[in-house]
A.B. asks: 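Below is the structure I would like to discuss, written out as structure tokens.
The shown structure was predicted, so the numbers you read here are calculated from the model rather than taken from an experiment.
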Amino acid sequence: MHDIRAIRDNPAAFDAALARRGLPPQAADLLALDEERRAKILAAETAQAAQNAASKEVGAAKAKGDTAEFERLRALVAEKKAEVARLTEEAAAEDARLRDLLLMIPNAPLPDVPDGPDEDHNVELRRWGNPRNFAFAPREHFEIPGVKPGMDFATAAKLSGSRFTVLRGAVLRVHRALGQLMLDTHVNEHDLTETWTPVLVRPEMMLGTGQLPKFAEDSYETTNGWWLVPTSEVTLTNTVNGEILDEAALPIRMTALTQCFRSEAGSAGKDTSGMLRQHQFEKVEMVSITTPETSRAEHDRMTGCAEAILQKLGLPYRVIVLCTGDMGFGATRTHDLEVWLPGQNKYREISSVSVCGDFQARRMNARYRPQGGGKPEFVHTLNGSGLAVGRCLIAVLENGQQADGSVELPAALHPYLGGKTRITAEGALA
RNA sequence: GGAGUGGUGGCCGAGUGGUCGAAGGCACACCCCUGCUAAGGGUGCAGGCGGGAAACCGUCUCGAGGGUUCGAAUCCCUUCCACUCCGCCA
């Protein structure tokens with residue numbers, strides 16, 4: 001959420017930021033509403049002050065036994081009270097209107113984010129690793145003979161419908177190993193605190209991180225008003241919702257392995273084969289809570305944490321910075337990691353690492369008290385996948401596939417597989 | 001699901017109709033003393049909103065919403081949440 005005072009101070013900068021997102025200017029409308037709102041507040045508070053003053057006099061009049069004056073003041077208070085009630089209600093309504101509008105406006109891109117309308121204008125920052133040369137036509141993950149017995153879409157469709165997968169045996173073991181490898185790496189080597197959270201949350205939390213109110217159709221709501229998290233960014237980030245933290249406690253670095261639930265509304269026809277795009281998937285998430293001064297450096301650090309996983313697995317990838325038109329709602333800058341999928345012969349997103357500035361913090365009212373005292377300030381928040389486990393499984397399978405239908409697994413996984421190194425063409429761990 | 005208790009400032013914790021935005025403690029900041037490793041003293045220190053160049057002023061907030069009253073953290077209603085006991089249960 002944007003700070004209305006910042007918009008007041010520099011409306012042109014605000015509209016320029018919107019323009020970079022491909023949105024029409026809104027500062028004038030917002031500020032007009034803000035004017036109205038402040039006028040209402042002033043009127044309401046002036047009336048309130050009058051009522052309070054009269055109230056005090058009432059007490060004095062009563063103490064003196066001045067009945068006439070007492071009754072006169074009583075009437076005055078009653079009159080003011082009605083006026084106050086009307087004006088405060090109007091002021092609150094203006095305030096809510098303004099807030100509702102602000103909640104729907106995306107974050108401003110940082111200056112060094114490339115401009116562009118869509119993903120074609122994203123900029124590649126670097127590549128790591130070289131795609132294998134296959135002496136045969138590499139298959140997509142769900143076509144690999146050794147994978148097929150462990151990846152059952154028909155049964156999943158019976159149970160739940162499309163965009164679900166049933167995993168079994170060796171493939172599932174690799175899936176589980178990947179999650180463990182990621183968590184261990186982040187905990188042991190990156191100093192993140194492993195955290196286990198609910199996946200059902202109150203709507204206020206979804207509002208805090210920005211999924212609500214604008215993107216309600218992308219997530220699932222339960223019959224009693226909980227929401228299934230589309231990412232544990234929601235729970236990890238909202239752990240500081242409403243808090244005033246000591247600066248000394250920052251940065252707070254968390255990681256979690258959770259189920260994620262997305263309705264994938266609007267993605268009909270996209271990635272319908274395999275388990276690339278699912279309604280339910282597993283993801284290791286990273287979240288950092290920092291001061292404003294350190295959030296940019298933290299962004300690079302977090303990007304590195306995600307890259308480390310792909311490097312351990314020997315999976316070729318590239319890092320891109322999303323252009324203004326492709327960035328998510330709450331981000332000021334986003335790095336996507338795209339892993340090489342030989343079956344598709346392209347790089348596909350496997351991680352997205354964003355620095356959100358104080359955008360989410362303002363929604364959550366999450367602050368810290370600066371060292372040396374002073375007023376609380378909003379924290380900065382960052383989140384990133386480290387990594388999407390299902391997509392990582394796909395990458396491991398496709399990159400490790402052999403001509404005979406078996407899959408060679410990365411050495412980093414072997415300890416998590418009881419020393420086994422491959423999936424046979426028949427689907428067994430060996 | 002049944003019965004009960006409770007929600008106060010960054011934290012802990014007093015406060016049961018007016019003099020309370022709120023004692024005390026902790027934490028934190030600055031200063032003094034001491035002189036050395038969980039010593040002492042002093043001062044300051046809730047947050048939001050609005051006005052103001054600023055000093056500062058106004059206003060709201062004691063989970064939330066509503067009510068009683070001239071006046072509510074304190075009384076009443078509703079609601080949310082937490083905890084305890086019982087029941088059920090992975």
A.B. asks: So, OP1 or OP2 of C49(B): does either fall under 4.0 Å of a side-chain N or O from R38(A)?
C.D. replies: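 No.
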A.B. asks: Just N and O in the side chain of R367(A): are any of them under 4.0 Å from OP1 or OP2 of G48(B)?
C.D. replies: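 True: R367(A) side-chain N/O within range (under 4.0 Å) of G48(B) OP1/OP2.
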A.B. asks: To the nearest Å, give me how far apart CZ (R8(A)) and P (G52(B)) are.
C.D. replies: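 These atoms are roughly 10 Å apart.
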A.B. asks: When the P atoms of G10(B) and G63(B) are considered, how many whole Å apart are they?
C.D. replies: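 Those two atoms are separated by 13 Å.
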A.B. asks: Taking CG from L245(A) and P from C28(B), how many angstroms apart are they, rounded to a whole number?
C.D. replies: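 After rounding, the gap between these two atoms is 16 Å.
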A.B. asks: Please determine whether a side-chain nitrogen or oxygen atom of R362(A) lies at a distance below 4.0 Å from atom OP1 or OP2 of G48(B).
C.D. replies: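 So the side-chain polar atoms of R362(A) never come under 4.0 Å of the phosphate oxygens OP1 or OP2 of G48(B).
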A.B. asks: If you measure from the P atom in C57(B) to the same atom in G65(B), how many Å do you get, rounded?
C.D. replies: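 It works out to 27 Å between them.
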A.B. asks: Scan every strand shown for a Watson-Crick or G-U wobble partner of A46(B), both distances under 3.5 Å, and answer none if you come up empty.
C.D. replies: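 WC or wobble partner is U61(B).
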A.B. asks: Distance check, C1' atoms only: G21(B) and A38(B), in whole angstrom units.
C.D. replies: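 Those two atoms are separated by 33 Å.
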A.B. asks: Just by distance, with hydrogens left out, do S288(A) and E298(A) show a side-chain donor and acceptor under 3.5 Å apart?
C.D. replies: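 Side-chain D/A pair, S288(A) to E298(A): present.
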A.B. asks: Between E217(A) (side chain only) and A265(A) (backbone N and O only), is there a donor and an acceptor less than 3.5 Å apart?
C.D. replies: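 Answer holds: no.
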A.B. asks: Distance check needed: C49(B) P versus R99(A) CZ, whole Å only.
C.D. replies: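 R99(A) atom CZ is separated from C49(B) atom P by 12 Å.
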A.B. asks: Please determine, for A3(B), whether a Watson-Crick or G-U wobble partner exists with both distances under 3.5 Å, and give it or none.
C.D. replies: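 In the structure as shown, A3(B) has U84(B) as its Watson-Crick or wobble partner.
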A.B. asks: Send over the distance from E204(A) CD to U79(B) P, rounded to a whole Å.
C.D. replies: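 These atoms are roughly 18 Å apart.
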A.B. asks: In whole angstrom, give me the gap between the P atoms of U59(B) and G71(B).
C.D. replies: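 Between the two P atoms, the distance is 16 Å.
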A.B. asks: Hey, is the main chain of V353(A) close enough, under 3.5 Å, to the side chain of H299(A) for a donor-acceptor pair?
C.D. replies: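 Side chain of H299(A) to backbone of V353(A): a pair is present.
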A.B. asks: Could you tell me how far apart Q371(A) (CD) and G10(B) (P) are, to the nearest whole angstrom?
C.D. replies: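 Answer to the nearest Å: 18 Å.
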A.B. asks: Just name whichever nucleotide pairs with G21(B), Watson-Crick or G-U, keeping both distances under 3.5 Å, else none.
C.D. replies: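 Paired with no nucleotide.
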A.B. asks: So, S267(A) side chain and E264(A) main chain: donor-acceptor pair closer than 3.5 Å or not?
C.D. replies: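 Such a contact is found between S267(A) side chain and E264(A) backbone.
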A.B. asks: What are the two closest heavy atoms between F329(A) and M104(A), and how far apart are they?
C.D. replies: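 Nearest pair, atom of F329(A) first, then M104(A): CE1-O, 3.4 Å.
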A.B. asks: Which value, in whole Å, describes the distance between the P atoms of nucleotides C62(B) and C75(B)?
C.D. replies: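 Comparing P positions in C62(B) and C75(B) gives a spacing of 14 Å.
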A.B. asks: State the pairing partner of U74(B); accept Watson-Crick or G-U wobble contacts with both distances under 3.5 Å, and report none otherwise.
C.D. replies: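 Partner of U74(B): none found under 3.5 Å.
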A.B. asks: Can you see if the side chain of R369(A) gets near the phosphate of G47(B) - specifically, an N or O under 4.0 Å from OP1 or OP2?
C.D. replies: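 Checking R369(A) against G47(B): at least one side-chain N or O falls below 4.0 Å of OP1 or OP2.
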A.B. asks: Could you tell me the Watson-Crick or G-U partner of A27(B), where both distances fall under 3.5 Å? Say none if there is no partner.
C.D. replies: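 Per the H-bond distance test, none.
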A.B. asks: What's the gap between G2(B) and G87(B) when it is taken at their C1' atoms, as a whole Å value?
C.D. replies: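 These two C1' atoms come out 8 Å apart once rounded.
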A.B. asks: Closest nucleotide of RNA chain B for K375(A) versus for P370(A): which of these residues is on the 5' side?
C.D. replies: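 The answer here is P370(A).
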A.B. asks: Please name the residue in the list R348(A), E338(A), E307(A) that meets the side chain to side chain donor-acceptor pair (under 3.5 Å) test with Y317(A).
C.D. replies: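 Among R348(A), E338(A), E307(A), the one meeting side chain to side chain donor-acceptor pair (under 3.5 Å) with Y317(A) is E307(A).
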A.B. asks: For nucleotides 55-60 of chain B, read 5' to 3', which letter fits each nucleotide if B means a protein heavy atom sits under 4.0 Å from the base, S means only the sugar-phosphate is that close, and - means neither?
C.D. replies: ---BBS
A.B. asks: Please name the nucleotide paired to A55(B) by Watson-Crick or G-U wobble geometry with both distances under 3.5 Å, or report none.
C.D. replies: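 Result: none.
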A.B. asks: Distance check: side-chain N/O of R202(A) vs OP1/OP2 of C80(B), anything under 4.0 Å?
C.D. replies: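 It does not, given that no N or O in the side chain of R202(A) lies less than 4.0 Å from OP1 or OP2 of C80(B).
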A.B. asks: Say you pick atom P in A54(B) and the same atom in G15(B); how far apart are they, in whole Å?
C.D. replies: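 Roughly 41 Å separates the two P atoms.
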A.B. asks: May I have the distance from E35(A) (atom CD) to G51(B) (atom C1'), rounded to whole angstrom?
C.D. replies: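 Between C1' of G51(B) and CD of E35(A): 13 Å.
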A.B. asks: Without hydrogens or angle criteria, can the side chains of H380(A) and S295(A) be said to hold a donor-acceptor pair below 3.5 Å?
C.D. replies: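 There is such a pair (donor and acceptor under 3.5 Å, judged by atom type) between the side chains of H380(A) and S295(A).
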A.B. asks: Please confirm whether the backbone N or O of I244(A) pairs with a side-chain atom of R369(A), one donor and one acceptor, at under 3.5 Å?
C.D. replies: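 Judged by distance alone, no pair lies under 3.5 Å.
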A.B. asks: Please report, rounded to the nearest Å, how far the P atom of A27(B) is from the CD atom of E247(A).
C.D. replies: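 So the two atoms are 19 Å apart, to the nearest Å.
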A.B. asks: Which whole number of Å gives the distance between the P atom of G18(B) and that of C30(B)?
C.D. replies: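 Between the two P atoms, the distance is 40 Å.
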A.B. asks: Which whole-number value in Å describes the distance from L200(A) CG to C81(B) P?
C.D. replies: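 Value for this atom pair: 14 Å.
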A.B. asks: Taking the side chain from S354(A) and the backbone from C356(A), do they hold a donor-acceptor pair closer than 3.5 Å?
C.D. replies: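 The answer is no, because no donor-acceptor pair under 3.5 Å joins these two groups.
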